Amino acid sequence: ALKSGGDDSPTFGELIAQGKLPVEAAKAAATAQAAAPKPEPKPVPEPDTPAPVAESTAAPANEEAIAAIQEIGGTVMPLAMTDDSLVVDFHLGGTGLTDDGLVHVKALPKVYELNLKDTQITNAGLAHLAEMATLVRLHLEKTKVTDEGLVHLKDLGNLEYLNLYGTAVTDAGLEHLKGLSHLKKLYLWQSQATDDGIAKLKESLPDVTVVK
């Protein structure tokens with residue numbers, strides 16, 4: 001009953017009946033076929049193993065800082081789903097924030113925006129921001145910051161937005177901002193800065209838009 005070739009070929013028995021194959025040849029062919037090594041079955045591919053869920057990459061120190069910020073009423077959020085820069089905001093629930101609380105903000109990496117509006121921050125608190133080179137936007141509206149505090153911002157080379165609305169800042173404080181070459185928007189409404197002081201600032205920063 002063995003096929004003499006492929007699936008469509010006649011069996012050895014059919015060939016013998018037709019006189020086309022001696023019985024001995026059929027037996028030899030059958031023996032050879034039986035002795036031939038059987039092909040190894042192809043391995044069945046296993047289903048893809050799911051990749052392990054990524055664990056949090058935040059360092060323990062960062063997690064502690066975030067927890068401390070949240071405890072005093074602040075929020076910490078990523079800037080975007082594809083950007084791990086951080087936005088730290090105290091202007092709603094953390095208006096009681098004092099200078100000491102900024103120690104926790106300083107501990108965070110890549111802070112893009114910091115909102116301290118209506119908080120109790122003074123010049124001493126701004127000292128904690130002096131090395132936060134990633135800052136792009138800074139809200140200091142209606143804080144207790146004065147001219148002396150702005151010296152701590154002079155090295156924030158990425159700062160593009162600074163809001164000093166309702167502060168006691170004067171023309172003397174604007175002198176500390178002349179090196180902020182990326183500054184694009186500066187709010188001085190209800191501050192003590194004058195038109196002359198703003199004009200001098202714009203000599204150093206011609207692209208800055210000042211709202212007064």
Side-chain angles (χ1 to χ4, degrees), residues 68-80 85-108 110-212:
I69 289 170
Q70 293 173 338
E71 187 174 348
I72 55 182
T75 61
V76 181
M77 298 175 292
L79 178 63
S85 298
L86 300 176
V87 176
V88 183
D89 194 338
F90 285 95
H91 90 284
L92 293 176
T95 53
L97 174 72
T98 62
D99 297 333
D100 291 340
L102 291 183
V103 172
H104 307 299
V105 178
K106 179 182 177 181
L108 295 175
K110 298 184 70 174
V111 177
Y112 174 92
E113 180 174 355
L114 177 59
N115 194 332
L116 301 174
K117 178 183 177 182
D118 288 322
T119 62
Q120 306 303 309
I121 295 302
T122 70
N123 296 334
L126 294 190
H128 297 299
L129 311 184
E131 297 179 4
M132 294 178 61
T134 59
L135 265 181
V136 175
R137 295 174 59 86
L138 178 59
H139 292 262
L140 295 173
E141 304 100 294
K142 301 176 74 173
T143 59
K144 299 178 180 180
V145 170
T146 67
D147 295 335
E148 290 76 9
L150 298 188
V151 70
H152 300 299
L153 309 183
K154 65 183 181 64
D155 293 324
L156 300 183
N158 289 309
L159 202 64
E160 297 180 4
Y161 172 102
L162 178 59
N163 199 323
L164 296 170
Y165 151 64
T167 64
V169 169
T170 72
D171 294 346
L174 301 186
E175 291 292 318
H176 301 307
L177 307 181
K178 289 185 175 181
L180 301 180
S181 58
H182 285 80
L183 195 63
K184 298 176 181 177
K185 206 70 170 284
L186 175 62
Y187 285 83
L188 293 171
W189 185 45
Q190 292 189 5
S191 71
Q192 305 302 312
T194 68
D195 292 340
D196 288 342
I198 293 171
K200 291 180 179 178
L201 176 66
K202 288 180 71 68
E203 291 177 2
S204 299
L205 303 175
D207 296 328
V208 68
T209 298
V210 180
V211 180
K212 182 177 183 297

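These figures come from a predicted structure and were not determined experimentally.
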Report summary line: When every non-hydrogen atom of Leu174 is compared with those of Leu186, the smallest separation belongs to CD2-CD2, 4.4 Å

Query raised in the report: At their closest point, which heavy atom of Leu140 faces which heavy atom of Leu126, and how far apart are they?
Result: CD2-CD2, 3.9 Å

Report task. Quick one: pull up OG1 in Thr98 and CD1 in Ile72 and give me the separation to the nearest 0.5 Å. Result -> 7.0 Å

Query raised in the report: Can you name the closest pair of heavy atoms from Asn115 and Lys117 and give their distance?
Result: OD1-N, 3.1 Å

Query - Reported CD-to-OG1 distance for the pair Glu141 and Thr119, which is rounded to 0.5 angstrom - result: 9.5 Å

**Report entry** By side-chain hydrogen bond (donor to acceptor under 3.5 Å, both in side chains) - contacts of His176 (at least two apart)
**Finding:** none

**Report entry** Check: His91 main-chain N/O paired with Asp118 side-chain donor or acceptor under 3.5 Å
**Finding:** no

**Report entry** Pair listing, salt bridge (Lys or Arg N to Asp or Glu O under 4.0 Å) test, anchored in residues 87-103, at least two apart
**Finding:** none

Query - Spacing of Leu201 atom CG and Leu188 atom CG [to the nearest 0.5 Å] - result: 8.0 Å

Report task. Could you check Glu160 against Lys185 for side-chain contact (heavy atoms from CB on, under 4.5 Å), going step by step and ending with a plain yes or no? Result -> CA-CA 6 Å; Glu160 297 180 4; Lys185 206 70 170 284; over 6 Å; no

Report task. Indicate yes or no: at least one non-hydrogen side-chain atom of Leu108 is less than 4.5 angstrom from one of Ile69. Result -> yes

Query raised in the report: Above 12 or not: heavy atoms from other molecules or residues under 6.0 Å from CD of Glu131?
Result: no

Query - Short side-chain to backbone donor-acceptor contact, Asp171 and Thr194, under 3.5 Å - result: yes

Report task. Would you indicate whether Lys142, at its atom NZ, is surrounded by more than 12 heavy atoms from other residues, nucleotides or ligands within a distance under 6.0 Å? Result -> no

Query - Side-chain donor or acceptor of His182 paired with backbone N/O of Gly157 under 3.5 Å - result: yes

Query raised in the report: When rounded to the nearest 0.5 angstrom, what is the spacing between CG in Leu114 and NZ in Lys106?
Result: 13.5 Å

Report task. Would you give the length of the straight line joining atom CD of Glu113 to atom CE of Met77, rounded to the nearest 0.5 angstrom? Result -> 8.5 Å

Report summary line: Sorted by chain and residue number, the side-chain contact (heavy atoms from CB on, under 4.5 Å) partners of Lys154 (sequence neighbours excluded) come out as Val151

Query - Any side-chain heavy-atom pair of Lys212 and Asp195 under 4.5 Å - result: yes

Query - Closest non-hydrogen atom pair between Val169 and Val145, with its separation - result: CG2-O, 4.2 Å

Report task. Could you check Leu138 against Leu129 for side-chain contact (heavy atoms from CB on, under 4.5 Å), going step by step and ending with a plain yes or no? Result -> CA-CA 10 Å; Leu138 178 59; Leu129 311 184; 4.1 Å; yes

Query - Partner set under side-chain hydrogen bond (donor to acceptor under 3.5 Å, both in side chains) for Thr209, not counting sequence neighbours - result: none

Requested in this report: Working to the nearest 0.5 Å, report the span between CZ of Arg137 and CG of Leu135.
Outcome: 11.5 Å

Query - 4.5 Å side-chain heavy-atom contact, Phe90 and Ile121 - result: no

**Report entry** Residue pair Leu180 / Leu153: nearest heavy atoms and the distance that separates them
**Finding:** CD2-O, 3.3 Å

Query raised in the report: When the ring planes of Tyr161 and Tyr187 are compared, do they come out parallel, tilted or perpendicular, using 30° and 60° as the limits?
Result: tilted

Query raised in the report: With sequence neighbours left out, what residues match Thr170 under side-chain hydrogen bond (donor to acceptor under 3.5 Å, both in side chains)?
Result: Asp147

Report summary line: All heavy atoms of Thr143 vs all of Leu116, minimum pair found to be CG2-O, 3.3 Å

Query raised in the report: Taking only residues two or more places apart in sequence, or in another chain, which ones meet Glu175 in a side-chain contact (heavy atoms from CB on, under 4.5 Å)?
Result: Lys178

Requested in this report: Measure from the side-chain N and O atoms of Thr134 to the backbone N and O of Val111, and report whether any donor-acceptor pair falls under 3.5 Å.
Outcome: yes

